[in-house]
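Throughout, a chain's letter reflects where its sequence line sits, starting with A, and its residues are numbered from 1. The basis for the numbers below is simple: all heavy atoms, side chains too, and nothing from hydrogens, waters or symmetry mates. A quick note: this is a predicted structure, and the numbers were derived from the prediction, not measured.
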Amino acid sequence: MLLETAGLTKRFGGVTAVNAVDLAVDERTTLGLIGPNGAGKTTLINLISGLLTADEGAIRFAGADISREPAHRLAARGIARTFQGVRVFKGLSVLDNVLIGAHTRLRPDVLPRLAPTRGRTDPADALALLERVGLARARAGALAGELPYGDQRRLEIARALASRPRLLILDEPAAGMNPTESLALRSLMRSLVTDGLTIILIEHDVRLVMGACDRVVVLNFGRKIADGSPAEIQRDPVVREAYLGSEDAA
Amino acid sequence: METLLEFFRTYATAIAVIGISALLALSVWLTLYAGQLTLGNAAFMGVGAYVSALLGRHLDTPFPLALLSGALAAAVIAVPLGVTVFRLRGVYLAIATLAFGEIVRVILLATPITGKGQGLNGIPPKTELWHIYLSLAVVAYVLWRVQGSTVGRAWAALREDELASASQGIDVRRFKLASFVIGALIAGWAGGLSAHLTFSIDPSDFGFSKAVQILVFAVVGGIPNVLGPIVGAVVFTALPEILRPLKDYRDIFQGLILLGVIVFLPRGLVTFLDVRRTRKLERIGAADVA
């Protein structure tokens, strides 16, 4: 078990955004996280990645209790993420974006760089990552904000991978992608899992979720309402009701 | 040759003041580069000025050691201050650091050892032109080299997006604090140099108008690289001298020039050097000060 949450709860004022959620993610698997808008998916991964602190419950990652750890330390532990609606560093170069992703791995080089002959960080790893996510090396010098939206998405994934994480959290990575791009994303995810990565995927594209995930968890109003294989989830009446409304209402 | 020497003799003070202005501009540039708007550097300059002058006067501290003590005193004060005020952001942060500046000014006004409102007079003129320009060269070189390092990239990332930076493993608080404390160190050093240049100092030298002036140097010069604040300091310290023939209309023209720069080169004077990149940054709506 790489990641485990127990009774995880987060309230905002009177609203319980995440309500007693138990989650278990095995190493080298892909977990899909789905649910209607406002179900608490993003809050849940904000808790897991340390951007929010839970009111109740615990999170364990690779055997350690990480419930109270801040985001930057979790990044060092091997949790990387992308954001809903892309948050690349727009005003910085594509290469710098990836190098910042590698922040936890790179040795601080302030003092050595005071020598005038010392060059910048070796970009070889970063360039290889760009290629892996499907971005041309030639674009490394461009400003991240200049890239088309789909490429910014890919860059964000490259930035997340640059820390060599054990767990990668993708928040709606396929939003705005065309079917071909979505397919490329799916094969990228598969190859990453083959290399030993564990993935949590939040996505509205049902075909991508059902095709790419080993297990799917469904949230509604902050609660986990279903947990199973993609096939089980598709058959689950509770899930159908959450998405389509109850038969009485219809 | 003769005319050049004549020029230096006539404008020696102005040239020295320009160098000190450039140091101060770099001190606030550092926090701006990390995306933080702080206005405490005039007060840090004051701390450096008073501490170094008092050490020289009462303890006969050698000049370099007095300078260093002044700079370190400013940095030491910056640590708890930074820990406290970096809970805030944007204009709130600016106002909090401004309030700190006022506190320092009032303490200087009320304390007997700092000479209250009269300030300190008869400070030995130990600052030579080369002290100032060597300091400037060292600070500018170090900051320029830091830009391409892991630390410089972390600062740039903070400026772009704090939340995303934290998720990349950057300790947001620590990096903000580092830029603030190093900025205070530079400002304190500049304050010591300035005190031993001008013979006398008083609390009003380090108040609100000084804080704004330092900010104007850095912002009007430009944040993209270390050249910006230096250019800004040179232009806006020299401008009053250049515009002297205009007499009573001087301030008006100075204001117009400032307005013109802000309107037509909103990212600073140095963006002249790389217009294409600046246009791109504007188009994609990247962080304001970039």
Side-chain angles (χ1 to χ4, degrees), chain A residues 45-46 49-52 70-83 86-93 95-116 118-121 141-147 152 156 159-160 162-163 165 169 171, chain B residues 30 32-35 137-176 178-179 182 222-225 267 271 274 276-290:
Chain A
I45 62 165
N46 282 346
S49 58
L51 294 178
L52 292 172
H72 67 89
R73 219 167 290 149
L74 295 181
R77 276 188 187 272
I79 298 180
R81 66 170 295 178
T82 66
F83 291 88
V86 192
R87 296 182 84 146
V88 293
F89 303 119
K90 284 187 188 176
L92 306 183
S93 74
L95 178 64
D96 276 345
N97 267 270
V98 182
L99 289 177
I100 290 165
H103 181 81
T104 53
R105 277 198 311 112
L106 294 174
R107 231 182 230 265
D109 63 349
V110 178
L111 292 180
R113 265 196 55 87
L114 292 184
R118 170 81 176 223
R120 289 183 168 240
T121 316
L143 293 173
E146 287 183 281
L147 299 180
Q152 290 190 25
E156 213 188 5
R159 182 180 70 180
S163 63
I169 305 173
D171 195 351
Chain B
L30 196 54
L32 288 171
Y33 190 75
V138 170
V139 169
Y141 175 78
V142 169
L143 294 183
W144 171 58
R145 294 297 293 176
V146 165
Q147 273 189 299
S149 73
T150 49
V151 174
R153 274 196 304 264
W155 279 333
L158 276 185
R159 180 183 71 216
E160 293 282 328
D161 188 333
E162 271 182 34
L163 208 62
S165 303
S167 293
Q168 307 312 313
I170 294 167
D171 187 340
V172 174
R173 271 196 220 164
R174 227 176 79 194
F175 277 91
K176 279 187 188 175
S179 77
I182 298 168
I223 309 300
N225 55 54
R267 283 163 191 268
T271 54
D274 198 348
R276 253 189 61 212
R277 188 183 164 87
T278 308
R279 292 271 171 280
K280 274 195 227 158
L281 281 165
E282 280 167 8
R283 206 176 53 235
I284 61 179
D288 277 323
V289 291

Under the criterion side chain to side chain contact (heavy atoms under 4.5 Å, CB included), I'd like the reasoning laid out for B/W155 against B/Q147: C-alpha separation, chi angles, the key distance, then a yes or no. CA-CA 9 Å; B/W155 279 333; B/Q147 273 189 299; over 6 Å; no
Could B/E162 and B/K176 be called an ion pair, given the rule that one side-chain N must be under 4.0 Å from one carboxylate O?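 Answer for the salt bridge query: yes.
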Please state whether the side chain, the backbone, both or neither of [X] comes within less than 4.5 Å of a heavy atom of chain B.
X: A/L143; result: side chain
X: A/A115; result: backbone
X: A/R118; result: both
X: A/P165; result: neither
X: A/L51; result: side chain

Hey, which of A/P108, A/S163, A/A76 has the most heavy atom pairs under 4.5 Å with chain B?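 Of A/P108, A/S163, A/A76, A/P108 has the most heavy-atom pairs under 4.5 Å with chain B.
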Option that, when pairs with chain B are counted at under 4.5 Å, heavy atom only, ranks first among A/R77, A/R81, A/E146: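 Ranked by heavy-atom pairs under 4.5 Å with chain B, first place is A/E146.
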Within 45° of the six-membered ring axis of B/F175 and under 6.0 Å from that ring's centre, is NZ or CZ of B/R173 located there?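 Cation-pi check for B/R173 and B/F175: fails.
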Are A/R159 and A/F89 in a cation-pi setup, meaning NZ or CZ lies under 6.0 angstrom from the ring centre and within 45 degrees of the ring axis?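 Ring-cation test returns yes.
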Using 0.5 Å steps for rounding, measure from the CG atom of B/D171 to the CZ atom of A/R73.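 It comes to 7.5 Å.
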Hey, what do you get for CZ (A/R87) to CD (A/Q152), rounding to the nearest 0.5 Å?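 Between atom CZ of A/R87 and atom CD of A/Q152 there are 13.0 Å.
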